Amino acid sequence: MSDPSSAPLRSTDGLLRVTQLAACFGFMVVQLDITIVNLALPTLANDLATDIAGLQWVVDAYTLLFASLLLSAGAISDRFGARRSFLIGLSGFLLTSTACGLAQSVTQLVAARAGQGLFAALMVPSSLAVLNHAFAHDPRLRARAMAVWTASGAAAAAMGLLLGGVLLQTLGWRSIFFVNLPLCALGIVLAWRVAETPRKADRRLDLVGQALTIAGLGGLIGAIIEMPRLGFDHAVVLGGFGLAALCAIAFATVQSRIAQPMLPPALFGLPNFSIALLSAIAISLAYYGLIFVMSLYLQQFAGYTPLQAGLAYVPLTLAFIAANLLGGRLLARHGFRVTIVSGLVLCASGFAWLGRLGDGDSYAWILPAFLAIPAGMGLAMPATTTMILASVDRSWSGTAAAVLNAVRQTGAALGVALCGLLLADADGIDAGLRIVCIVCLTGLLLSAGLSWRYIRDGGSA
């Protein structure tokens, strides 16, 4: 006899709307904090007396813990219920955002940012799981809900740049963390009304795999960030790369031998799963690396104020939202392959244009890239999310969502680390920006080619 809790949830329209809003608020506050901090980097460098490496740690302490803990967070969501995990994540994020705003040194800020990453990891897979469960009875509504969820996060990420500019220029850098408090509180109020998801009571936590993930990613990101300051042959740098390699080997071995791995190898045998992850990491690496470099370029090289830099990012918001909504229609009509490849190529074209930016060029030259890059993301990101969730059994939706977002956040952390490395080694911020564009363009085109070759469409979403 089947478990009634595993039957598709046929919610009322009101409950569906509340679930959509709650999931979107959770994703919005997570994404907002990624980009709003990037805009504050020049201000933080002055007020906390830190260098590029310190700024990279402020950004990557968040994304590193976020990426490292997402897989365990997915297992927690599956085992204990996505609604419960979501509420804990929102509450913890509220407290750690307060700690960020009260930090008195870069070390304290990095520690508080790591705490934010921990609770963000709980929020994202659980928000996707409650959304997937609520709309599971209608694939077209689910695809639309996923597009709205992705658009809300991306809009928050882009709006964070504008909001950050206003707050930095009027209330100071601490306000960019305190702004999270009302958003988290509203999310908590909405989440109390969300239906709980089916629980997978036999789902266990893979503590060994979790420890290896944190150590491996920490070693890799740390080595890349510290390389310009210490040199490639320094013991800390070589040790970080060595630790990352050993942890990767040990992680693969552990995951293949235990009964309930945090990253089930069977997922990679599902159609389209691996290629969707490749597209996700390429987009995240390129976008978040670019935002890190452009925030420094606009304020330290082009002479923009924080508010002017925030206004310069407004087209990213508009282009992403428009493409995100259009992407749902394109996905329904043409399927995964055309939608994802179109997005990757459009994104790559923006980097190709931006890479030709000259010293005397005005914002008018930057604008086409600031439209093409987020528009490409807006087409590709919802399609990768829908493709992954559509490929797994609903009871594994929390784990699948965690894998996807762990890959995205790993891409973001690598993007900041690698682009910061390229910037530190370049002869000026402007030269570094051009090198970053070439690297990102290459990665996106490679991903587009592989996606065209290997994505299998069983029809539309």
Side-chain angles (χ1 to χ4, degrees), residues 34 52-75 110-111 113-114 117-118 120-121 205-258 261-265 267-268 274 277-289 292 402-425 436 439-440 442-443 446-447:
I34 294 174
I52 285 184
L55 297 178
Q56 287 174 286
W57 278 118
V58 169
V59 176
D60 272 355
Y62 179 91
T63 51
L64 178 59
L65 266 292
F66 192 2
S68 299
L69 296 168
L70 270 170
L71 295 178
S72 287
V110 168
R113 289 279 291 163
L118 186 156
L205 297 181
D206 177 10
L207 298 180
V208 175
Q210 179 61 84
L212 290 170
T213 302
I214 295 175
L217 280 178
L220 176 61
I221 299 300
I224 296 173
I225 290 176
E226 297 298 331
M227 193 189 307
R229 181 163 56 186
L230 301 177
F232 178 77
D233 58 350
H234 194 278
V236 171
V237 176
L238 293 176
F241 284 127
L243 178 63
L246 289 174
C247 288
I249 295 171
F251 182 81
T253 302
V254 169
Q255 298 304 289
S256 64
R257 293 183 178 180
I258 63 175
M262 64 186 295
L263 181 56
L267 291 178
F268 293 94
S274 297
L277 296 183
L278 176 64
S279 299
I281 198 170
I283 292 171
S284 294
L285 189 154
Y287 179 73
Y288 290 105
F292 180 85
V403 172
L404 172 61
N405 284 284
V407 164
R408 283 178 176 165
Q409 295 308 316
T410 299
L414 284 172
V416 171
L418 289 172
C419 291
L421 173 62
L422 295 172
L423 190 63
D425 288 343
V436 165
V439 172
C440 293
T442 303
L446 178 61
S447 179

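All values derive from a computational prediction rather than experimental measurement.
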Set out, in order, the CA-CA distance, both residues' side-chain angles and the distance that settles side chain to side chain contact (heavy atoms under 4.5 Å, CB included) for L414 and I224, then state yes or no. CA-CA 9 Å; L414 284 172; I224 296 173; 4.1 Å; yes

Under the side chain to side chain contact (heavy atoms under 4.5 Å, CB included) rule, what do V416 and I221 come out as? Steps first, then yes or no, please. CA-CA 9 Å; V416 171; I221 299 300; over 6 Å; no

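With sequence neighbours excluded, the residues satisfying side chain to side chain contact (heavy atoms under 4.5 Å, CB included) with I258 are D206, V254, Q255, P261. Scored by the side chain to side chain contact (heavy atoms under 4.5 Å, CB included) test, L118 finds L69 as partners (sequence neighbours excluded). By the side-chain hydrogen bond (donor to acceptor under 3.5 Å, both in side chains) test, E226 pairs with W57, R229, sequence neighbours left out. Listed by chain and residue number, D33 satisfy the salt bridge (Lys or Arg N to Asp or Glu O under 4.0 Å) test with R113 (two or more places apart in sequence, or in another chain). The side chain to side chain contact (heavy atoms under 4.5 Å, CB included) test applied to I283 returns L344, M377, A380, M381, L444, not counting sequence neighbours. Contacts of T63 classified as side-chain hydrogen bond (donor to acceptor under 3.5 Å, both in side chains), with partners at least two apart in sequence or in another chain: D60.
Atom CG of residue L230 and atom CD1 of residue I225 lie 11.5 Å apart, to the nearest 0.5 angstrom.
Side-chain contact check for L422 versus V439: some heavy-atom pair is nearer than 4.5 Å.
Shown are L217, L220, T410; of these, the side chain to side chain contact (heavy atoms under 4.5 Å, CB included) with L64 is made only by L217.
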Hey, can you pull the donor-acceptor pairs under 3.5 Å for the side chains in residues 209-216, sequence neighbours left out?
| from | atom 1 | to | atom 2 | distance (Å) |
| --- | --- | --- | --- | --- |
| Q210 | OE1 | S72 | OG | 2.4 |
| Q210 | NE2 | S68 | O | 2.7 |
| T213 | OG1 | G209 | O | 2.8 |

Tell me which donor-acceptor pairs under 3.5 Å the side chains of residues 237-253 have, and how far apart each pair is, sequence neighbours excluded?
| from | atom 1 | to | atom 2 | distance (Å) |
| --- | --- | --- | --- | --- |
| T253 | OG1 | I249 | O | 2.9 |

